[in-house]
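Order of listing sets the numbers, starting from 1, for every ligand and every atom in it. The first residue of the sequence shown is numbered 1, and numbering continues consecutively from there.
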Amino acid sequence: MSPKDTTTICDLVNEIALLRKSGKINAQIDDLFSRVERALTYSENRFRSVADSEVDAIISTTSGDKIIFWNHGASKIFGYEEKEVMGKSVTMLMPPSLRKAHKKGLKRFLETGVPKIIGKTVETQAWARGKREFPIELSLATWKSHDEIFFTGIIRDISERKKAQKVLEDLNAQAKRRTDELETLIQMVAHDLKVPVVTIGGLLRLLERKLASQTAQPEVENILQHLRSASKTLENFLADLLDALALEKTQNAWETFALDELLKEVFDNLGEEIHVKGIQIDLGDCTPAKVYGDRNRIRQVLENLITNAVKHMGEPDHPVIQVSVHCDGDYVTTTVKDNGIGIPKEYQERIFDRFFRVPKANGIKGSGLGLSIVKQIVESHGGRVWVQSEEGKGATFFFSLPKTASSLGTH
Ligand code: ADP
């Protein structure tokens with residue numbers, strides 16, 4: 001075989017047959033030819049059977065772009081039979097827009113020997129019969145025989161994968177548009193409600209003062225009671241909503257502060273409800289702990305978790321809320337544990353979602369935003385928040401915060 005020779009085994013076998021016919025070879029050489037022929041055919045068949053069992057296309061070319069090998073996969077993907085493409089230029093399988101770049105790349109490789117896409121898998125476009133363009137994944141290898149360079153490409157049709165990817169991208173874009181619209185709507189509602197809600201509260205207090213001098217009828221008192229409660233619910237809901245929106249817009253004010261001291265402050269400021277419900281507060285195992293974060297926002301986390309523990313206490317014989325702080329490597333973990341009504345297993349993953357409330361809350365009021373705010377704050381500090389609970393046996397919330405700026409991101 002000369003260096004530029006691209007003769008296939010099949011061509012050689014045909015040549016031997018012609019020699020035989022012409023009677024120019026003696027019996028000994030003929031026998032040798034027969035053995036070489038059998039060995040070559042065996043080797044070719046073995047290679048073909050492997051190549052043809054591939055669903056991907058396997059195509060080999062010379063350095064002059066001539067196709068010298070074509071498997072079944074290639075026929076399926078490109079729609080041409082082997083005999084239609086053998087010896088033709090491989091550029092017939094490329095859209096015209098890519099041919100110039102291919103020629104340039106090939107020339108550069110042959111001159112410099114430095115590969116760019118050889119040995120890698122790249123995504124590109126191909127042309128099937130009927131000039132049908134489709135996306136492919138191409139893995140290219142090169143090999144040398146008698147100083148001649150050849151190329152073998154394994155080609156996978158990725159039309160289906162690309163289609164699925166596109167559907168997914170469209171769905172994500174659609175979901176993002178909806179969320180953005182919803183966010184704008186929530187912002188508008190929250191903003192527009194602020195003034196009327198504050199006005200109702202103010203007018204209510206004014207009305208109460210005016211009526212205080214008179215002996216109000218029981219039904220008037222009853223109506224006022226309902227109004228007070230409704231107005232309070234609306235105020236709390238709006239406050240949570242505005243908090244959640246503010247979180248999105250403002251950055252953490254980072255500082256290093258003593259978490260155990262903040263905890264004591266929060267306990268000292270706990271509202272009436274603790275006493276009314278006879279809840280015992282146990283500042284358990286609180287090691288002095290410094291953390292790195294936004295003090296006001298961490299206060300909000302503690303207040304939300306403790307308020308929730310109070311709200312969902314139910315009526316145990318000895319209501320207790322236990323809070324403890326533990327150092328844990330680069331992080332400090334705070335635990336808020338109560339022995340209240342607990343959270344059914346099936347809802348435990350969802351309680352941190354915005355607006356989610358456990359169904360049948362027995363008239364306990366809330367916005368379903370408290371825990372989502374907690375999660376957002378803790379995660380904006382690089383920490384984690386999670387819950388352990390058994391229905392009827394209380395709930396334990398954990399959250400972790402970094403000790404120093406350098407602990408951030410080590411979780
Ligand atoms: P809400 O304003 O309803 O309290 P949250 O986001 O703070 O909203 O809480 C979501 C839900 O998680 C609550 O409606 C409640 O059902 C449940 N939950 C939160 N904390 C506790 C707790 N300590 N014990 C039992 N259930 C709780």
Side-chain angles (χ1 to χ4, degrees), residues 182-183 186 189-190 193 197 229-248 263 266-267 270-274 276-284 296-325 333-380 383-400:
L182 203 63
E183 202 86 352
I186 293 173
V189 171
L193 275 182
V197 167
S229 163
S231 161
K232 190 81 207 136
T233 305
L234 206 54
E235 267 177 32
N236 288 344
F237 180 76
L238 198 60
D240 279 354
L241 198 55
L242 291 168
D243 265 354
L245 294 175
L247 268 184
E248 306 267 351
L263 199 54
V266 171
F267 269 106
L270 281 179
E272 275 283 282
E273 229 179 329
I274 290 274
V276 174
K277 289 196 174 176
I279 297 174
Q280 183 197 332
I281 297 290
D282 182 2
L283 255 184
N296 279 332
R297 288 191 171 171
I298 302 305
R299 170 196 289 277
Q300 212 178 336
V301 168
L302 287 167
E303 282 173 353
N304 269 341
L305 292 179
I306 296 168
T307 311
N308 270 349
V310 174
K311 254 193 341 190
H312 304 286
M313 185 52 85
E315 289 176 345
D317 292 342
H318 303 287
V320 181
I321 298 175
Q322 239 175 350
V323 184
S324 52
V325 175
T333 302
T334 306
T335 310
V336 179
K337 180 180 168 128
D338 65 64
N339 59 345
I341 59 173
I343 305 157
K345 225 171 189 55
E346 67 265 35
Y347 300 123
Q348 285 177 16
E349 269 198 11
R350 298 177 57 197
I351 54 168
F352 295 99
D353 291 349
R354 256 187 197 179
F355 301 115
F356 181 80
R357 309 197 62 226
V358 172
K360 297 197 215 116
N362 294 336
I364 304 168
K365 296 201 170 79
S367 62
L369 279 168
L371 287 178
S372 73
I373 292 174
V374 165
K375 185 169 188 282
Q376 209 176 333
I377 295 177
V378 172
E379 288 182 351
S380 77
R384 253 183 357 107
V385 57
W386 66 103
V387 67
Q388 284 173 0
S389 175
E390 206 177 315
E391 198 174 356
K393 292 195 176 163
T396 309
F397 284 86
F398 304 84
F399 70 91
S400 57

Is the closest heavy atom of [X] to ligand 1 under 4.0 Å?
X    : value
M313 : no
G340 : no
F397 : yes

Enter the distance from [X]:[atom1] to [Y]:[atom2] here, rounded to the nearest 0.5 Å.
X    : Y    : atom1 : atom2 : value
F398 : T335 : CZ    : OG1   : 5.0 Å
R350 : S372 : CZ    : OG    : 13.5 Å
L263 : I306 : CG    : CD1   : 6.0 Å
D240 : R354 : CG    : CZ    : 11.5 Å
N339 : K393 : CG    : NZ    : 12.0 Å

Practice problem: Record the part of L369 in heavy-atom contact with ligand 1 below 4.0 Å; permitted values are side chain, backbone, both and neither. | Solution: backbone
Practice problem: For residues M313 and V310, determine if any side-chain heavy atom of one lies less than 4.5 Å from a side-chain heavy atom of the other. | Solution: no
Practice problem: Identify, with sequence neighbours excluded, every residue that meets salt bridge (charged side-chain N to carboxylate O under 4.0 Å, His left out) alongside E349. | Solution: none
Quiz item: With sequence neighbours excluded, what pairs up with E379 under the side-chain hydrogen bond (donor to acceptor under 3.5 Å, both in side chains) test?
Solution: K375
Quiz item: Under 3.5 Å, side chain of Q376 to main-chain N/O of A244, donor-acceptor pair present?
Solution: no
Should you measure from each heavy atom of [X], which atoms of ligand 1 turn up under 4.0 Å away?
X    : result
I351 : 10 (C), 12 (O)
K311 : 1 (P), 2 (O), 4 (O)
N308 : 4 (O), 7 (O), 19 (C), 20 (N), 23 (N)
A309 : 23 (N)
V358 : 14 (O), 16 (O)

Please say whether [X] places an N or O atom under 3.5 Å from an N or O atom belonging to ligand 1.
X    : answer
F356 : no
I343 : no
S372 : no
G368 : yes
D240 : no

